[in-house]
Number of protein chains: 2
Amino acid sequence: MGVSLKDIAERAGVSLATVSNVVNGYRPVGERTRQRVQQAIDELGYTPNLGARHLRRGRTGLIALAIPELNNPYFAELAEIAIREAAGLGYTLVMENTAADREAELLLLDGSHRHTIDGLIFSPVRIGRDEVLARSADTPLVLIGEGVYDVPHDHIAIDNVAASHAAIQHLVAIGRRRIAFIGAAPGADRQSAHLRMRGYREALAAAGLPFRPQLVARTDEFGRLDGRRAMRDLLALGEPPDAVFGYNDLIGIGALRALAEAGCRVPEDVAVIGIDDIEEGRFSTPTLTTIAPDKEEIGRLAVRRLVARIEGAEVAAPLTVQTPFRLVRRESTGTPGA
Amino acid sequence: MGVSLKDIAERAGVSLATVSNVVNGYRPVGERTRQRVQQAIDELGYTPNLGARHLRRGRTGLIALAIPELNNPYFAELAEIAIREAAGLGYTLVMENTAADREAELLLLDGSHRHTIDGLIFSPVRIGRDEVLARSADTPLVLIGEGVYDVPHDHIAIDNVAASHAAIQHLVAIGRRRIAFIGAAPGADRQSAHLRMRGYREALAAAGLPFRPQLVARTDEFGRLDGRRAMRDLLALGEPPDAVFGYNDLIGIGALRALAEAGCRVPEDVAVIGIDDIEEGRFSTPTLTTIAPDKEEIGRLAVRRLVARIEGAEVAAPLTVQTPFRLVRRESTGTPGA
DNA sequence: CCGTACCTCTATAACGTTATACGGGTGGTG
DNA sequence: CACCACCCGTATAACGTTATAGAGGTACGG
């Protein structure tokens, strides 16, 4: 079917090895033969069989991006960036959806894909440090997000405590006093939820505001539906909050919806802020104030570090990178002009 | 590094071929040896090297899903379904983002990935029938969406004319007379935009309403931003529309935003309807009425048909499937109760 | 008791690459 | 002129699988 090295070797009257060297320059080739080979390649339209190449090289050319929710626009945007970056480096990126399922995450860690992928970019949410330390697979692993800390792998994330701190600080700055948090996690799950919670508490303390447990709403998942449900509960309180900090933008969107249904004005009655800066928040009514991580940076960095590991930078110590974030003010906390 | 067939062949004291037969049952193996081999497999933790297998079999086990916008939640939702279905059938799905770029689409068609993927699920928007007919690659191709018709490939899509018809009919039924369409495509691009436009015109005619060219807004892209921009233009007309039909939900969301910014009430002043039924539309304010295609059916069917072709059902004639859709009434056209 | 038909297993040649080891020219140097 | 060094190229052995051809052994019918 396909045109192989052999075909063009015959055509150009040279050996297989020479053609291979022309194609990927492992050894120098004389100018005359190089041209003859190149011509044959062009005429027959040769493209290397990547499967065979990777078999020989011991690699597959595939890297995986494992995320808890493909439906979350944050991850969709991140995936798009990562796919582009990987393609540029000669790798194909495949997406693995763990659906925030513990079993799925463990399976991924222990490399049921051992032979299939060269490396893994992983955003874990249901497993912890111990599970990562105990993993048996030996392919490079880059962690993103805030699930796990202090493990011997590259790790890229924003500073969650600081990000939450900034969010609360903003709400305080616009005069809010009863600030709720939606998206606390039950048990040991979702480390990032704990971190954001910690930033919430620290910022409250720093502002001299009391921590009120009834203003903390836990959710099972972290989607729009969960945000709406939690917001409804908060509104049912004797003294409802005057501001809400959502674990992510989807929670924030859900909260906005619940507020609209309850006839509350945003931001006059309740201000809302999220994290992620998904495009949806720029078009919601009202638009959603958010903490914007540098997705471009996270996606590109993760892929580049992983590929560097795959291609042999074994010696360098694992790097933990904290990518920058910034506050984006929008209508849900009152526009600067208003 | 990895455990190979050879390792477990030695361990079990049998030949390579026998182990291979135990693993994938090409030839029967005696019960006693089968058990011995199976035990060795379990003890050493063998997993087949898929690269080598696929090299030998002439397949890679990869299928691609090529879509114009990964950021569009409609495609993200579709991708999630397709990934799941593919995994269930033993294939890995990789996403290709054409970014609605003509060159990218042509490249994909002519199989620069010839050796890399076994088949392609493709949602073309910038190329037409001729380009598909002229393609040189010989891997199976399943088309989704409405870009191209009458080509010798499996094709899965909703009936766009009928879907648009249904949308307009609904707007007419709630008493609207000046119905605009956002998302007409310039030139020959976006066949689906033409089809939806046709449904729009037909339904207007069927309702005895005049076709007013000034109520048709073309857009370059099909995102929220384009919807907002177009809606602004429509509002600037001497006689603005009393209803808007968006090419898709993102356009609809953008239109909602423009209406909110202009202080228009929805649906009282202007009703809005889209196509796709993305989750975002269930949480926007107001919620967005839409034509809901059966994404589950489209995604699963596309993968299943592709895999069937790959695995040799060459003879069966290409199938064109029109998947069902339904109208989902939400606030943007007035709730049934109101 | 031989021939034949199984049934189970083995040996081996691919699949398309890349890396290693080697060979045959050419030019420069002592 | 003999020697070494080099440059350019070839031959070939892997990588881990699967499919084909065939080799033993046992059972069975004639």
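First the proteins, then the strands, lettered A, B, ... as listed; each starts at 1.
The nearest pair of heavy atoms linking Pro293(B) to Ile158(B) is CB-CG2, 3.7 Å.
Within 3.5 Å, a donor on the side chain of Arg56(A) pairs with an acceptor on the base of dA14(D), or the reverse.
Of the candidate nucleotides dG16(D), dT10(C), dT10(D), dG16(D) has the atom nearest to the side chain of Leu55(B). For Thr18(B), the listed nucleotide lying nearest its side chain is dC9(C); candidates were dC9(C), dT12(D), dT12(C).
Using a 4.0 Å cut-off between a side-chain N of Lys or Arg and a carboxylate O of Asp or Glu, Arg309(A) and Asp154(A) qualify as a salt bridge.
Between the CZ atom of Arg57(B) and the P atom of dA14(C) there is a distance of 20 Å, rounded to whole Å. Following rounding to the nearest Å, Tyr46(A) (OH) and dG16(C) (C1') show an atom-to-atom distance of 7 Å. As rounded to whole Å, 14 Å separates atom P of dA11(D) from atom CG of Asn21(A). In this structure, CG of Leu50(B) is placed 18 Å from P of dC15(D), rounded to the nearest angstrom. Atom CZ of Arg59(B) and atom P of dT17(D) are 17 Å apart (whole Å). The distance from atom NZ of Lys6(A) to atom P of dT12(D) is 15 Å, rounded to the nearest whole Å. Distance, Glu31(B) CD to dC7(C) P: 16 Å, rounded to whole Å. The interatomic distance linking Tyr26(A) (OH) with dT18(C) (P) rounds to 11 Å, in whole Å.
When the side-chain nitrogen and oxygen atoms of Arg53(B) are compared with OP1 and OP2 of dG16(D), none of them lie within a distance under 4.0 Å. Distances shown here put every side-chain N or O of Ser4(A) at or beyond 4.0 Å from the OP1 or OP2 atom of dC15(C). The phosphate of dA11(D) (OP1 or OP2) has no side-chain N or O of Ser15(A) nearer than 4.0 angstrom. In terms of phosphate contacts, Ser20(B) brings no side-chain nitrogen or oxygen within less than 4.0 Å of OP1 or OP2 of dA19(D).
When side chains are defined from C-beta on, Leu78(A) counts as touching Ile298(A), because their heavy atoms get closer than 4.5 Å. Side-chain contact check for Asn24(A) versus Pro48(A): every heavy-atom pair is 4.5 Å or farther apart.
Toward the 5′ end of DNA chain C lies the nearest nucleotide of Val29(B), the other residue of the pair Leu5(A) and Val29(B) mapping further downstream. Between Arg27(A) and Leu16(A), the residue anchored closer to the 5' end of DNA chain D is Arg27(A), taking for each the nucleotide with the nearest heavy atom. Along DNA chain C, the nucleotide nearest Ala52(B) and the nucleotide nearest Arg34(B) are compared for position; the residue whose nucleotide lies closer to the 5' end is Arg34(B).
Nucleic acid contact for Asn24(A): sugar-phosphate only, since backbone atoms but no base atoms lie under 4.0 Å from a heavy atom of the residue.
Between the side chains of Thr60(B) and Asp118(B), at least one donor-acceptor pair of N or O atoms lies under 3.5 Å.
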